[in-house]
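Everything numeric here is computed off the predicted structure, so don't read it as measured data. Along the sequence shown, residues are numbered consecutively beginning with 1.
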Amino acid sequence: MNARATRREWIGLAVIALPCLLYSMDLTVLNLALPAIDADLAPSAIQQLWIVDVYGFLVAGSLITMGTLGDRIGRRRLMMVGAAVFGIASVLAAFSSSAEMLIVTRALLGVAGATLAPSTLSLIRTMFNDPQDRTLAIGVWISSFSVGAAIGPVVGGALLQWFWWGSVFLVAVPVMLLLLALAPALLPEYRDPNAGRIDFPSAVLSLAAVLAFIFGLKETAQSGFSAISILSLLAGGAMALVFVHRQRRLVEPHLDLRLFRAPAFSAALGIYTLGTFVGFGIYVFIVQYLQVVLGMAPLEAGLWTVPFALGFVVGSIVSPRLVRRFRSADVMAGGLVLAAAGYGLVTLVEPSQGPGLLVAGMVLQSLGMAPVFTLTNDLIIGGAPPEQAGAASGISETASELGGALGIALLGSLATALFGAALARDTLPQALALSGAICAAVVVAMAAVILGLLRDAPRHAGSPA
């Protein structure tokens, strides 16, 4: 029997949650600061896009390499290096004197941010050997991202009301200093003792493939399918194929493709990707609906999304308790049925009703999707060998980034094709209803797939079926 976690591990989990919360906040606060940044730095339209996008691009492109690097040099060491760089880059971003400087520092923040998610998740694999403890720890880990998303608009709005736009970046500094002070005492170090060297051509290929694919999806979401977006998607796919071919030939591959041979690992990864597809795909329309149709200011719209995030927190914490009595597949399928009901409510939203029905539907969606995110990550991490937990974490987070980008691109392109390039007050309710219907159909199909492919998965990853 695996040893249960002690107080030290649970306090260490709180330390791990800090950078995850901050990572999520950094994705949300910048949009609130954009008007002030425009007034101060006067970026061009292209520069403004890069200020917003470069962080996410570099995070997505660097995740696999950072997960693999953590397995080789030590997961705690990589997290601490990333935290230090994130803090320094945050100061530089806060005091940027030009749009070019802000773009570069945001890119550096993206690379540093990519160290945090795979390092923290793989450390959970090391710290929590008991399957029940690990499932609960992953639920807390998922919740930290949701809490960051919830408080990001509130904290950002308050800072911008009293201070200059650079203050939204400085929030990271005390958090990262606290992490650097506590991590050596509370977090264990782990590295694969038999790991080889990093294969730099593979690292470049993985970065280029993901960047090209994410860029193509982003272009598709903004402008529909075009020559640039199609070429970018094709280039990303081609480089991914070259990457896979290289891994098969290397004696010490950058990414061990044998991870994908485990049916539970591949199935859980696919479900997690689809989960982020529906979650992120509809979220864009919700934020637009609150602002364009209901006339809310950005901060007010952000506050109305807080219940969604709290729904994820509740669902993530409840999921480990449910899998003590029921199979993981049954818990996830039940959650997806609840999410489908939530999406169904979204299709019934009318502008005259205010935000109440929309919020109720999205809270149901959050409660239902949270078990999927928690338990698929549990299966992905628990099903990987301990020495490859960092690589598995990087794969998991890359799948999440790709799924979210794909959802925004495909649902956005469909809405553009049906309702016009500029979604306006009259057409946004229709686009929102269509997105809700599509997401409801997808999650019902996901439930059927889970019951078919993961029916024999254990209640906890790593425990006997």
Interatomic distance, [X] atom [atom1] to [Y] atom [atom2] [nearest 0.5 angstrom]:
X	Y	atom1	atom2	value
Leu294	Gln353	CG	CD	10.5 Å
Ser319	Ile138	OG	CD1	11.0 Å
Leu336	Ile271	CG	CD1	7.5 Å
Leu207	Leu58	CG	CG	7.0 Å
Thr120	Leu179	OG1	CG	10.0 Å

Please check: side-chain N/O of [X] versus main-chain N/O of [Y], any donor-acceptor pairing under 3.5 Å?
X	Y	answer
Arg106	Ile51	yes
Ser366	Phe308	yes
Asp330	Phe326	no
Thr135	Pro320	no
Thr115	Val111	no

Q.
Going by side chain to side chain contact (heavy atoms under 4.5 Å, CB included), Val331 matches just one of Leu322, Val318, Ile450. Which one?
A.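 Per the side chain to side chain contact (heavy atoms under 4.5 Å, CB included) rule, the option paired with Val331 is Leu322, out of Leu322, Val318, Ile450.
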To check you understand the geometry: which heavy-atom pair defines the closest contact between [X] and [Y], and what is its length?
X	Y	value
Val173	Ser90	CG2-CB, 4.4 Å
Gly110	Val59	O-CG2, 3.2 Å
Gly315	Leu367	N-CD2, 4.0 Å
Gly216	Ser229	O-CB, 3.6 Å
Ala329	Leu451	O-CD2, 4.1 Å
Met66	Leu78	O-CD2, 3.0 Å

Q.
Could you check whether atom CG of Leu234 has more than 12 heavy atoms from other residues, nucleotides or ligands sitting under 6.0 Å from it?
A.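 Result for CG/Leu234: enclosed.
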Q: Name all residues meeting the ring-ring contact (aromatic ring centres under 6.0 Å, His included) criterion together with Trp165; count only those two or more places apart in sequence or in a different chain, and write none if there are none.
A: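 Residues passing ring-ring contact (aromatic ring centres under 6.0 Å, His included) with Trp165: none at all.
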**Q.** Residues forming a ring-ring contact (aromatic ring centres under 6.0 Å, His included) with Phe163, sequence neighbours excluded
**A.**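 Result, ring-ring contact (aromatic ring centres under 6.0 Å, His included) vs Phe163: none returned.
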Are [X] and [Y] close enough that some pair of their side-chain heavy atoms sits under 4.5 Å apart?
X	Y	answer
Pro429	Val293	yes
Leu432	Leu358	yes
Phe86	Leu109	yes

Q: Might you work through the side chain to side chain donor-acceptor pair (under 3.5 Å) test for Thr65 and Ser206, ending with a clear yes or no?
A: CA-CA 7 Å; Thr65 293; Ser206 67; 3.3 Å; yes
Q: Measure from the ring center of Trp141 to the ring center of Phe145 and say whether it is less than 6.0 Å.
A: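 Between Trp141 and Phe145, the centre distance is under 6.0 Å.
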Q: Measure from the ring center of Phe128 to the ring center of Trp10 and say whether it is less than 6.0 Å.
A: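 Aromatic pair counts; centres sit under 6.0 Å.
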Q) What ring pair (Phe, Tyr, Trp, His ring centres under 6.0 Å) pairs are there with at least one residue in residues 92-114, not counting sequence neighbours? A)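 Non-adjacent pairs meeting ring pair (Phe, Tyr, Trp, His ring centres under 6.0 Å): Phe95-Trp164.
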